[in-house]
Asker: 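Pasting in a structure now, in structure tokens, and then I'll have a few things to ask.
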2 protein chains.
Amino acid sequence: MSIYHDKRPTIKDIAAASGYSKTAVSFAFNAPSRISVEAREKILGCALTLGYVPDPMARNLSLKRYKSIGFLLPQVIGNTLRNPHITGVLQGIGTVCQEHGYTLTLIPPVDGSMSEAVRGAAVDGLITMGMSVEMKIVDMMKLRKLPYVTIDGTPSEGMPSVNINEVEAAYLIMREVLKAGHQSIVIIALNKDSFEAADKSMNVPTLRLKGYHKALREAGIDPQGEEVAHLVCDTTLEEGRRMGQIVYAMERRPTAVVSMSDIVAIGAILHFHESGLLVPDDMSVVGFDDIPEASFITPRLTTIRQSSVEKGTLAAQALFRAINGEEIESNRMELSFTIQERESLKKLVS
Amino acid sequence: MSIYHDKRPTIKDIAAASGYSKTAVSFAFNAPSRISVEAREKILGCALTLGYVPDPMARNLSLKRYKSIGFLLPQVIGNTLRNPHITGVLQGIGTVCQEHGYTLTLIPPVDGSMSEAVRGAAVDGLITMGMSVEMKIVDMMKLRKLPYVTIDGTPSEGMPSVNINEVEAAYLIMREVLKAGHQSIVIIALNKDSFEAADKSMNVPTLRLKGYHKALREAGIDPQGEEVAHLVCDTTLEEGRRMGQIVYAMERRPTAVVSMSDIVAIGAILHFHESGLLVPDDMSVVGFDDIPEASFITPRLTTIRQSSVEKGTLAAQALFRAINGEEIESNRMELSFTIQERESLKKLVS
DNA sequence: CTGAAAGCGCTTACAG
DNA sequence: CTGAAAGCGCTTACAG
């Protein structure tokens with residue numbers, strides 16, 4: 001046996017050693033004012049000598065709380081943490097957790113099942129990101145009476161959510177692209193498979209598509225016509241590269257790539273560079289999110305700026321309110337966004 | 001009261017409702033073969049109707065385990081998650097956790113205290129990253145008999161660690177810079193204050209500095225002489241920008257920046273660009289880590305390539321071995337690194 | 001196959 | 001100020 005499995009002293013041992021009761025020992029740590037100074041000193045002294053640390057688990061069971069917030073990992077854990085938009089959200093959540101003295105538990109699927117993961121999660125509340133709003137999960141959260149909030153997800157009955165106006169944002173950036181004179185466009189959507197929403201018409205990729213298409217139609221372009229191509233991929237840099245390759249190889253190569261995600265847009269740009277295609281001269285690219293990397297890449301990316309950190313912050317604050325039994329005033333929190341114009345979109349007309 | 005605080009059915013309720021004992025209910029979920037099919041069906045049926053989910057906390061207390069690994073956040077949670085090297089490590093750890101059916105708990109300081117955080121952490125083991133190896137934390141981990149592993153930390157007695165040969169890596173990249181003909185150099189070190197190690201001579205910034213200086217001396221340059229400047233900062237993009245500004249404003253501006261961290265190097269490059277200083281023509285910059293962004297930036301960064309993901313993986317695997325009571329064969333795991341030559345280092349001589 | 005009972009290590013209302 | 005005792009919701013060795 002390793003040293004780790006030696007027995008640790010318990011409250012009982014300290015009670016015995018100090019000559020006081022378990023109650024007194026507990027008070028010594030949690031309510032010093034309820035016992036005499038003498039008792040406290042003696043008890044803390046014993047605790048120190050015997051190396052006693054109250055067991056957090058037992059404490060939590062008595063107190064019926066976990067002191068931790070859970071974050072459901074939308075996809076493979078690798079992809080999740082590789083996406084700066086998501087780590088931004090995590091920053092926001094984490095900061096709020098820290099303020100509340102909570103930890104932040106990242107919850108991967110158990111045997112591939114998200115709802116199994118929720119079933120066993122040792123947390124006081126959950127935050128999900130869009131992709132993982134399958135009904136089974138929601139059912140499990142309700143069963144366990146766990147408060148939850150979703151980010152970038154499908155707003156629905158009893159599912160508090162933090163979003164931006166996806167349709168409008170997508171509409172505006174596509175309009176920018178069209179105003180610049182582009183007529184042949186490829187849209188790179190996010191994989192809808194990961195967004196198992198109850199109402200398919202309300203998930204993020206669908207909403208953004210709606211916005212894109214609206215702008216196209218306004219410009220007299222048929223979204224289903226041959227001026228517009230549609231691609232779909234996961235939200236990773238590698239997938240972005242692959243998309244770049246596909247676009248590069250198209251026989252009727254478009255003049256602009258409109259991506260639902262910066263990281264994918266950046267991947268595409270990297271591939272274009274490697275293939276000798278100049279961005280934006282030969283190919284314009286716009287993204288969505290405005291992750292920090294959007295301003296590292298050359299050319300800097302024109303994109304929709306939204307604050308991932310703030311999304312996380314808002315979601316976490318709402319969750320803590322729910323955990324504390326406060327009524328949530330509104331079920332739907334909407335953040336603002338702006339268009340961040342940079343250099344990756346070429347003006348074909350002026 | 002909100003709906004969340006309604007009482008959930010317990011094992012007792014299911015026992016009563018089904019007419020079986022608590023033992024039987026427990027078996028129905030955890031050891032189906034130990035009861036009759038009839039009993040199981042009846043019990044699971046009741047559980048379904050009453051909406052029963054076994055309480056993970058109570059289960060964990062009985063089983064004396066948490067099913068979670070803790071990651072101590074080295075700095076402010078924001079800075080941590082904004083550093084791709086660290087999120088890379090987290091990816092590695094997370095993937096191993098997922099395989100073991102564990103969650104990954106991010107542990108921020110409690111009231112500014114790391115050891116208070118460790119004291120109350122609901123985890124089976126801990127992983128720290130260099131910066132947080134103050135003795136108080138180690139004492140607390142020992143007190144709680146929590147297995148732990150450190151990454152990029154100070155290898156020391158009874159502290160399993162995952163590292164690369166920091167001195168050698170730093171030595172090699174500085175030698176590269178010198179071979180390229182640079183004679184006036186600024187070193188940007190990581191903030192040592194965050195690396196509260198027992199043995200100050202062994203922490204990461206010190207080791208890297210040692211390597212840098214060794215190469216300088218070999219080239220006949222006095223590290224303390226006026227050809228070499230030293231700066232120190234936190235590991236963030238903003239700090240990198242600030243460093244860039246300081247370097248830009250130096251009256252005897254050096255020809256090369258040698259940074260202990262890619263993210264800082266990138267920040268500096270961004271500032272140089274904005275100030276009209278061309279990299280690498282007017283200023284060479286090399287980094288350390290090879291984060292993905294190192295190949296986004298223009299020019300792409302020459303740096304030390306080390307696998308952050310693999311660091312996380314190794315650390316987590318070692319930790320699980322310790323948790324399972326296996327002897328750890330070696331206390332010190334060393335990963336390889338390579339020099340990744342790209343375009344940010346200009347050859348002044350050939 | 002089944003169940004009564006002890007145990008995990010704490011907290012806390014209650015009585016003294 | 002102090003402590004005996006019940007309780008948090010599970011697991012499991014043991015006896016039948």
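What's counted below: heavy atoms across the whole structure, side chains too, no hydrogens, waters or symmetry copies. So that the names make sense, note that chain A is the first sequence line, chain B the second, and so on, each numbered from 1.
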Asker: Touch check for B:Lys22, heavy atoms < 4.0 angstrom, all strands: base, sugar-phosphate only, or nothing?
Answerer: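 Base: the residue B:Lys22, judged by heavy atoms under 4.0 Å, touches a nucleobase.
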Asker: Under 4.0 Å, heavy atoms only, any strand: does A:Ile11 hit a base, just the sugar-phosphate, or nothing?
Answerer: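 Base contact.
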Asker: Indicate, with a heavy-atom threshold strictly under 4.0 Å, whether A:Phe29 touches base, sugar-phosphate, or nothing.
Answerer: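 Answer is nothing: A:Phe29 stays at 4.0 Å or more from every strand.
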Asker: Students often get this wrong, so: under 4.0 angstrom with heavy atoms, is A:Thr23 touching a base, only sugar-phosphate, or nothing?
Answerer: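 The residue A:Thr23 makes base contact.
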Asker: Can any side-chain N or O of B:Tyr66 pair as donor or acceptor with the backbone N or O of A:Met57 at less than 3.5 Å?
Answerer: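 Yes; at least one donor-acceptor contact below 3.5 Å.
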Asker: What's the shortest heavy-atom distance between A:Phe27 and A:Ile35, and which atoms?
Answerer: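 Minimum heavy-atom contact is CB-CG2, 3.8 Å.
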Asker: Taking the nucleotide of DNA chain D with the nearest heavy atom to each, does B:Arg34 or B:Pro56 sit closer to the 5' end?
Answerer: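 Counting from the 5' end, the first nearest nucleotide belongs to B:Pro56.
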Asker: From the options D:dA6, D:dT12, D:dG3, select the nucleotide whose nearest atom is closest to the side chain of B:Leu63.
Answerer: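 Nucleotide nearest to B:Leu63's side chain: D:dT12.
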Asker: Nearest to the side chain of B:Asn30, which nucleotide is it out of C:dC10, D:dT11, D:dG9?
Answerer: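 The closest nucleotide is D:dT11.
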Asker: When you get a sec, tell me which of C:dT11, D:dT11, C:dT2 is the closest nucleotide to the side chain of B:Tyr20?
Answerer: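 Nearest listed nucleotide: C:dT2.
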Asker: Using the C1' atom on both, measure C:dG16 against C:dT12 and round to a whole Å.
Answerer: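 The answer is 16 Å between these two C1' atoms.
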Asker: For B:Ser26, answer base if it contacts any base atom (sugar-phosphate contacts may also be present), sugar-phosphate if it contacts only those atoms, and nothing otherwise; contact means non-hydrogen atoms under 4.0 Å.
Answerer: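 Counting heavy atoms under 4.0 Å across all strands, the contact made by B:Ser26 includes a base.
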Asker: Indicate the ring-plane relationship of A:Phe320 and A:Tyr102, choosing parallel, tilted or perpendicular according to the 30° and 60° boundaries.
Answerer: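 If you compare the ring of A:Phe320 with that of A:Tyr102, the planes turn out perpendicular.
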Asker: Do B:Ser21 and C:dT2 share a donor-acceptor pair, side chain to base, under 3.5 Å?
Answerer: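 Side chain to base: no pair below 3.5 Å.
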